[in-house]
Amino acid sequence: MKYPRGSDSDHCVQHGQATCLVPSLRPSLRALGLALGLLAIPGLHAQNPKPTDYDVKAAYLYNFGRFVEWPENVAATRSGSFTICVLGQDPIRRSLDATLAGETIGGKTIVAKRISSAEESGICQILFLSRTDDSRLNKIIADLDKMAVLTVSDMPQFVKRGGMIQFVLEGKKVRFEVNLTATQHVGLTLSSELLKVATAVRRDRD
C-alpha cells in the first residue's frame with residue numbers, strides 16, 4: 001500500500017513533526033488524543049468517553065495496517081481481505097471486533113481471526129501475540145522467520161527478542177516501540193510518519 005501525497009498518511013505531518021497518525025475517518029467517529037497527536041479509532045463512539053488500553057491497542061493495530069507496506073508478491077497471495085490475527089489468549093477480542101467492524105484497508109475488508117499456532121499465520125498481515133505467549137516467544141519468532149507478517153505485542157522485551165512492534169506505557173498513555181531490523185528482514189516497509197510517532201526505533205535485537 002503506497003499513499004500519494006495529500007493522503008491520510010501525509011496529511012498529519014507539519015513542520016517536520018507527526019501531529020497525528022490518521023485523521024478522523026468520518027464525523028461519527030472520535031479521535032483519541034495521544035501524546036504526539038491524534039489516533040483515529042474506528043468504532044469508538046461518543047458514548048464511550050474513556051476508551052480502555054485495549055481499545056487504544058486495537059486502534060493502533062488498525063492504523064498499523066494503513067502505514068505498513070507489504071511486499072507485492074505477498075499482497076497478491078493474500079488478496080480478498082486484510083487479516084489481523086490474534087495468537088494465544090485474547091483479551092483484545094471485544095475491542096478489536098468493535099474497531100474493525102465495517103472498516104477497510106486498501107479497499108479490502110478487514111477480518112479479525114484467532115489462531116492457535118504460528119504456522120497458521122500465513123494468511124495474516126498483522127499478528128498480535130498476547131502476554132501468555134511469553135514462554136514460547138523465541139519459538140514463535142523462529143517459526144515466523146522470513147514470513148511477511150507484522151508482529152505486535154504488549155509483552156515486555158518484545159522488540160528486543162525479535163518482535164516488530166511493542167506496546168509500551170508512557171505515563172498512562174499507550175505508545176509503541178519499533179524493531180526496524182525485524183521488519184526489514186521480512187520485507188515490510190514502515191512509513192516515516194509511523195516511525196516518527198514511535199517512542200523508540202531499534203535497529204537490532206540488542
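Just so you know, residue 1 is the first one in the sequence shown, and it goes up from there.
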Validation row: [X], [Y] side chains within 4.5 angstrom (heavy atoms):
{"X": "T52", "Y": "D55", "answer": "yes"}
{"X": "L137", "Y": "M155", "answer": "yes"}
{"X": "E170", "Y": "V168", "answer": "no"}
{"X": "F82", "Y": "I126", "answer": "yes"}
{"X": "F128", "Y": "I84", "answer": "no"}

Test side chain to side chain donor-acceptor pair (under 3.5 Å) applied to [X] - qualifying residues, sequence neighbours left out:
{"X": "Q184", "answer": "none"}
{"X": "K113", "answer": "none"}
{"X": "D134", "answer": "R161"}

Flag the pair F176 / F64 as yes when their ring centroid distance falls below 6.0 Å, and as no otherwise. yes

Any chance you could lay out the side-chain contact (heavy atoms from CB on, under 4.5 Å) test for K108 and T83, step after step, and finish with the verdict? CA-CA 9 Å; K108 297 181 179 181; T83 305; over 6 Å; no

Looking only at heavy atoms, which two atoms of [X] and [Y] are closest? And how far apart?
{"X": "V149", "Y": "S121", "answer": "CG2-O, 3.6 Å"}
{"X": "F158", "Y": "T151", "answer": "CE2-O, 3.7 Å"}
{"X": "N179", "Y": "G163", "answer": "CB-O, 3.1 Å"}
{"X": "T99", "Y": "A58", "answer": "OG1-CB, 3.5 Å"}
{"X": "S81", "Y": "V111", "answer": "CB-CG2, 3.8 Å"}
{"X": "D133", "Y": "G88", "answer": "OD2-CA, 3.7 Å"}

Checking K57 against Y60: charged group under 6.0 Å from the ring centre and within 45 degrees of the axis? no

Interatomic distance, [X] atom [atom1] to [Y] atom [atom2] [nearest 0.5 angstrom]:
{"X": "Y54", "Y": "S95", "atom1": "OH", "atom2": "OG", "answer": "9.0 Å"}
{"X": "F167", "Y": "R175", "atom1": "CZ", "atom2": "CZ", "answer": "12.0 Å"}
{"X": "L195", "Y": "F67", "atom1": "CG", "atom2": "CZ", "answer": "11.0 Å"}
{"X": "L61", "Y": "L127", "atom1": "CG", "atom2": "CG", "answer": "10.0 Å"}
{"X": "I140", "Y": "L129", "atom1": "CD1", "atom2": "CG", "answer": "5.0 Å"}
{"X": "E193", "Y": "R66", "atom1": "CD", "atom2": "CZ", "answer": "12.0 Å"}

Step through the shown structure and confirm whether more than 12 heavy atoms of other residues, nucleotides or ligands are within 6.0 Å of CZ on R131. yes

Run the numbers on S116 and E120 for side chain to side chain donor-acceptor pair (under 3.5 Å), then give the verdict. CA-CA 7 Å; S116 57; E120 299 177 58; 2.6 Å; yes

Tell me whether T104 contacts the main-chain N or O of G107 through its side chain, where contact means a donor paired with an acceptor under 3.5 Å. no

Quick check: does any side chain N or O of E177 sit under 3.5 Å from a backbone N or O of Q166, one acting as donor and the other as acceptor? no

Consider only side-chain heavy atoms of I, L, V, M, F, W and Y, link residues closer than 4.5 Å, and tell whether I115 and M147 are in one cluster. yes

Who are the side-chain contact (heavy atoms from CB on, under 4.5 Å) partners of [X], not counting sequence neighbours?
{"X": "T132", "answer": "Q89, S130"}
{"X": "R93", "answer": "D90, D97, R114"}
{"X": "V186", "answer": "M164, L188"}

Candidate list L150, T183, D154, test side chain to side chain contact (heavy atoms under 4.5 Å, CB included), partner I165, passing option: L150

